[in-house]
Amino acid sequence: MSIDIKQLAVCVTCHAWNADRTKIAFCPNNKEIHIWAKSGNEFQPEAVLTEHDQVVTGLDWSPKTNRIVSCSQDRNAYVWTDEGGQWKPVLVILRINRAATNVKWSPNGDKFAVASGAKCVSVCFFEEEQNWWVSRHVRKHKSTVTSLDWHPNNILIVTGSTDFKARVYSAAIKGVDKKGGASPFPDKPFGELLGEYPCGGWVKAVAWAPSGNSFAFSGHDSSLTFVTVPDGKTQVVRFKDLPLRDILFLSETALVGVGHECTPTLFTSQGGNWKFDRRLDEPAAGGAGAAAKGATAFDKFKNKVETGSDKNETTLLTKHQNSISKIVAYKAAGGKTTQFSTSGMDGKVIIWDTAQLKVTV
Amino acid sequence: MCIRDRYQRRVRGKTEMAQTLATYLSCVRSTLQAAICLENFASQQVERHNKPEVETRQSKELLLNPVIVSRNKVERVLIEPSVNSVRISIGIKKADDLETILCKNFMRFLCQRAENFVVLRRKPRPGFDISFLITNFHTESMFKHKLVDFIVQFMEEVDKEISEMKLAVNARARICAQEYLTQFT
């Protein structure tokens with residue numbers, strides 16, 4: 001049902017693809033960033049970037065400028081530029097005094113935003129005269145900011161925090177952004193709060209729809225809230241599964257969430273009504289599944305000899321063996337994503353195809 | 001009452017007790033599966049530090065509501081979840097004084113070797129007999145469903161162990177007394 005399963009490390013915290021999907025950058029749950037390049041059908045290790053002091057929590061690779069930005073729990077962020085095969089880091093002065101949790105390039109690749117445990121978001125842009133990355137802070141959060149996403153117009157950001165709220169801010173920087181672009185909200189100065197939306201649990205993931213007319217955020221109370229802007233109408237979808245850790249819009253009517261249930265979950269909307277559709281990684285039912293699980297008599301006795309019990313319950317039936325932490329669009333065109341990749345705490349990166357999963361995007 | 005009725009009542013009582021035990025353990029299991037949804041979360045109080053939030057308890061918004069699953073007044077489980085760690089405290093069945101002493105000694109023996117158990121806490125929470133601390137680092141390196149299996153299996157087996165120890169103590173006491181008193185016959 002999936003195109004590719006790659007076991008890259010013991011545990012992968014975050015990953016990012018380059019523009020033509022020939023290289024992947026990921027953090028194997030330590031302070032390094034590994035870059036693997038595609039050779040044929042397999043991925044081979046290409047480079048190891050070691051500049052951070054603690055685990056790297058966020059990675060993003062801009063398709064426009066081919067630069068990687070990474071942020072870590074050591075409260076630093078680096079922008080990496082590829083100079084003839086060597087990746088050169090440039091330290092970004094974020095001016096935060098706690099860990100960074102997430103980082104995203106803006107759609108034009110000229111700014112990036114870093115969410116942090118210092119209860120603020122650092123929006124950074126390149127200052128030409130001084131030749132370095134400068135940051136400006138968006139405050140007004142009451143707790144750690146866990147996630148953020150950029151609006152397609154390069155100006156608005158939505159943030160999610162452990163203070164049970166999702167907020168939309170303006171991140172317009174004079175000199176970088178031009179006024180009067182398409183925006184659901186009127187033009188506001190930098191750091192202006194445009195909307196605040198409550199959640200029943202910590203907000204773990206936020207994402208804008210491809211058109212930018214609505215966004216969604218997932219809460220730790222196993223809920224997914226859809227908000228249309230600027231009228232602020234919300235729709236809450238509650239589901240039985242364990243909470244989602246990351247979400248991705250496939251199109252205006254389909255969204256995939258990943259999280260502690262170890263399987264991507266599909267949510268669809270019909271006429272504006274969102275609902276839980278199904279888990280995308282259901283194991284094959286009936287005989288095929290039972291045989292694969294080892295319920296045959298031979299396997300039972302084999303397990304009894306090897307492990308002392310006659311049930312082989314160590315491996316989960318899903319492809320991911322531990323919770324999934326990140327989902328990234330792999331192939332997207334015209335506002336619709338047809339392939340996406342997920343990385344999890346089991347160290348696997350799996351690329352899923354919506355056609356194979358019979359998902360209408 | 002005839003012997004057959006007495007026997008049937010004892011068998012039925014045992015299966016009823018086994019059924020309540022199974023319900024109790026399945027309730028604990030499903031609560032644990034929901035509570036052990038942990039992520040790496042750096043400390044908001046101290047820079048560059050990563051602490052289990054359920055132990056530091058500095059930020060109230062990072063702690064979830066504690067849940068007690070109890071079978072009766074003595075046998076209960078307190079589950080305190082938070083964003084990156086869960087503390088599970090167990091109260092074990094103690095029918096009489098001998099079982100209380102055996103339970104205390106057995107748990108102290110285990111807690112002194114807490115490093116080998118990885119998820120065990122060195123001191124139990126006041127009011128309970130033994131405590132476990134599971135952090136996001138444990139769920140990253142171990143399967144979550146096996147961790148839940150371990151805790152539920154521990155609860156089942158510790159009751160059996162203490163009953164066996166009580167029988168052994170009584171048997172040894174009887175043998176000692178017999179040997180001592182033969183010199184007077």
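First the proteins, then the strands, lettered A, B, ... as listed; each starts at 1. Because only heavy atoms are used, hydrogens play no part in the values below, and waters and symmetry mates are left out as well, while side chains stay in. Note that the structure is a prediction, hence the values are computed from the model and not measured.
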Is the count of non-hydrogen atoms from other residues, nucleotides or ligands lying under 6.0 Å from [X] atom [atom1] greater than 12?
X       : atom1 : result
R113(B) : CZ    : yes
D97(B)  : CG    : no
K31(A)  : NZ    : no
D96(B)  : CG    : yes

Engaged part of [X] at the chain B interface, taking heavy atoms whose separation is under 4.5 Å:
X       : answer
N29(A)  : side chain
Q73(A)  : both
K204(A) : side chain
S323(A) : neither

Would you give the length of the straight line joining atom [atom1] of [X] to atom [atom2] of [Y], rounded to the nearest 0.5 angstrom?
X       : Y       : atom1 : atom2 : result
H145(B) : C262(A) : NE2   : SG    : 9.0 Å
N322(A) : E140(B) : CG    : CD    : 8.0 Å
C37(B)  : L244(A) : SG    : CG    : 10.5 Å

- Query: Among residues 39-56 of chain B, which residues come closer than 4.5 Å to chain A, judged by heavy atom distances?
  - Reply: E39(B), N40(B), F41(B), A42(B), S43(B), Q44(B), Q45(B), V46(B), E47(B), R48(B), N50(B)
- Task: Tell me, for S59(B) versus chain A, whether the close heavy atoms (under 4.5 Å) come from the side chain, the backbone, both or neither.
- Result: neither
- Can you name the nearest heavy-atom pair linking E61(B) to S143(A), along with the distance? OE2-OG, 2.6 Å
- Task: Kindly give the heavy-atom pair with the smallest separation between L64(B) and W202(A), and that separation in Å.
- Result: CG-CH2, 3.7 Å
- When only pairs under 4.5 Å are counted, which of H260(A), M345(A), Q321(A) shares the most heavy-atom pairs with chain B? H260(A)
- Query: If you count heavy-atom pairs under 4.5 Å between each of K119(A), H220(A), R75(A) and chain B, which one has the most?
  - Reply: R75(A)
- Do L316(A) and K144(B) come close enough that some side-chain heavy atom pair is under 4.5 Å? no
